[in-house]
Number of protein chains: 2
Amino acid sequence: MSSQDPKQALFVQFAAVAKTLGHAHRLELLEQLAQGERSVEILAQKTGLSIANTSQHLQQMRRAGMVTARRAGKFVHYRLADDAVLELLAALRHIAERNVAEVERIVRSYFNDRDALEPVSREELLQRSRAKAVTVLDVRPEDEFALGHLPGAVNIPLRALAARLSELDPSQDIVAYCRGPYCVLSYEAVAALRALGFTARRLEDGLPEWRAAGLPVIVGNA
Amino acid sequence: MSSQDPKQALFVQFAAVAKTLGHAHRLELLEQLAQGERSVEILAQKTGLSIANTSQHLQQMRRAGMVTARRAGKFVHYRLADDAVLELLAALRHIAERNVAEVERIVRSYFNDRDALEPVSREELLQRSRAKAVTVLDVRPEDEFALGHLPGAVNIPLRALAARLSELDPSQDIVAYCRGPYCVLSYEAVAALRALGFTARRLEDGLPEWRAAGLPVIVGNA
DNA sequence: TATATATTCAATTATTCTCTTGAATAATGT
DNA sequence: ACATTATTCAAGAGAATAATTGAATATATA
């Protein structure tokens, strides 16, 4: 299979890895896997794909070394193979943000409209959180929260937010976070909370990036 | 074009950028562009692709925001759009090296055989080069050297090495470099020089990574 | 051992991508 | 204006990929 030129042979391999990122469904699966280890069934349910389709995409990513699989009883659990996957995704985002007009348009028209404020940096949140000077709000679904979350975070999924406002202290600043840079949940949450008079901002990025930065995470049971 | 869900719309865009890396020819074009700005014709010649095919691949990368083009007279010069492209390529390499068996096999069977020694780090080379305690040898073709090279480097393309040994001081250590991590030129050069009794090692990575690290580069005229 | 469940495999169809060819465009020089 | 050169465009054949379906495999439970 490998050509005479080893560099060519390597480029073919690298291209195969890159090809794996070249599909929106797979990027969405990777965003889910960045939250933690998950079974095929749950991934299919979260993404709205069929089980067979989900399985095929996962296997393709496994062949490319992007994810690994582990069998536990009836279930096969997938996870990211490497922290470099997050770096790869971050670099992909940077290029698209800075050089693709359509991406700038989407980000401006949707995300900037909803939150003109700078996000809170991880360092700032860490300090304020240790000083108990802030409410850390995780707006992801319960199961993702259970898989791992920020120390001291309160979990109110976006869909339940309106019904559970009483759990939030109106006198304290709120910092909301969710799955990652373009997860809409925290944007929606912050917009809703501000409209209700709360002082709310978003954390930069999400849990996977917090974890990748080596900051403390409360790890739950799969 | 963009779906209701802005995240989905962004994933489609990110996937389009990634798809662009999913072809060995385009990775090779990017390696060339990492040396500096180049015209379509020269890129076609360096890669052995037809002009039309080269042009199409370049335009695809331009649409994805990976490269930019600039017209100068009859020629259109392409260059990398962003330093993040190098980061993206580095992350791609890391994942493939660490998780794809075939890549490990190629690297071991070709590159490790040729050079079991650790490469010289950029920092080490910078110090020894300033102290004039080392010969810095650029084994790329003349035109790539002219586009930009390390300070104080001597340019002897690999193909001319055997004929121009007299230009090298046998009493001084040699550090060879070329286009990047898997450019075979410096591996071949080091192997050949060692066989002739020289003390020779490779620089880690190549010129693009040296430049990306913010280290000094002698820039030539395009 | 028989049955249920989670996942993967295999085959099919529709779609997309690659490369080639020849023509079109854009700038230069006569 | 005309020919020349560099690049891009457009169209088509052939190859690769994506999603769907139903069958097959592997594990757990009765």
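In what follows, chains are A, B, ... by sequence order, proteins preceding strands, each numbered from 1.
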Between [options], which nucleotide has the shortest distance from any of its atoms to the side chain of [X]?
X       : options               : result
B/Asn53 : C/dC19, C/dT7, D/dT7  : C/dC19
A/Ala52 : D/dA6, D/dT21, C/dT21 : D/dT21
A/Tyr78 : D/dA19, C/dT8, C/dC19 : C/dT8

So which one's nearest nucleotide on DNA chain D is more toward 5', A/His23 or B/Arg71?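 Nearest nucleotide further toward 5': that of B/Arg71.
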State whether A/Ser55 places a side-chain N or O below 4.0 Å from either non-bridging phosphate oxygen (OP1 or OP2) of C/dT8.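 The answer is yes; a side-chain N or O of A/Ser55 sits under 4.0 Å from OP1 or OP2.
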Between A/His77 and C/dA6, is there a side-chain N or O to OP1/OP2 distance below 4.0 Å?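 Result: no.
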[X] has an atom [atom1]; how far is it from atom [atom2] of [N], in whole Å?
X       : N      : atom1 : atom2 : result
A/Leu49 : D/dA18 : CG    : P     : 13 Å
A/Leu58 : C/dT8  : CG    : P     : 7 Å
B/Gln45 : D/dA6  : CD    : P     : 11 Å
B/Met61 : D/dT8  : CE    : P     : 12 Å
B/Ile51 : D/dA10 : CD1   : P     : 19 Å
B/Lys19 : D/dA18 : NZ    : P     : 8 Å
A/Arg26 : D/dA19 : CZ    : C1'   : 12 Å
B/Lys74 : C/dA24 : NZ    : P     : 20 Å

Polar pair under 3.5 Å, donor/acceptor by atom type, side chain A/Gln56, base D/dT20: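 Under the 3.5 Å cut-off, the side chain and the base do form a donor-acceptor pair.
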Answer yes or no: side-chain N or O of A/Gln59 and base N or O of C/dT7 forming a donor-acceptor pair under 3.5 Å.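 No.
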Are the side chains of A/Thr47 and A/Leu29 in contact, using a 4.5 Å heavy-atom criterion?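 Side-chain contact under 4.5 Å: yes.
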Toward the 5' end of DNA chain C, by each residue's nearest nucleotide, A/Ile42 or B/His57: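 Counting from the 5' end, the first nearest nucleotide belongs to A/Ile42.
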Does a salt bridge link A/Lys7 with A/Asp5, judged by any charged N lying under 4.0 Å from a carboxylate O?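 No.
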Categorize A/Ser39 for me: base, sugar-phosphate, or nothing, with a 4.0 angstrom heavy-atom threshold over every strand shown.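 A/Ser39: backbone/sugar contact only, no base atoms under 4.0 Å.
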Backbone N/O of A/Pro216 and side chain of A/Trp210: donor-acceptor pair under 3.5 Å: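 Yes, A/Trp210 side chain to A/Pro216 backbone: donor-acceptor pair under 3.5 Å.
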Counting neighbours of CZ on A/Arg98 that are heavy atoms of other residues, nucleotides or ligands and sit closer than 6.0 Å, is the number greater than 12?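 Yes, because the 6.0 Å sphere around CZ of A/Arg98 holds more than 12 heavy atoms from other groups.
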Could you tell me if B/Gln32 and B/Arg38 have a donor-acceptor pair between their side chains, going purely by distance under 3.5 Å?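 No, B/Gln32 and B/Arg38 have no side-chain donor paired with an acceptor closer than 3.5 Å.
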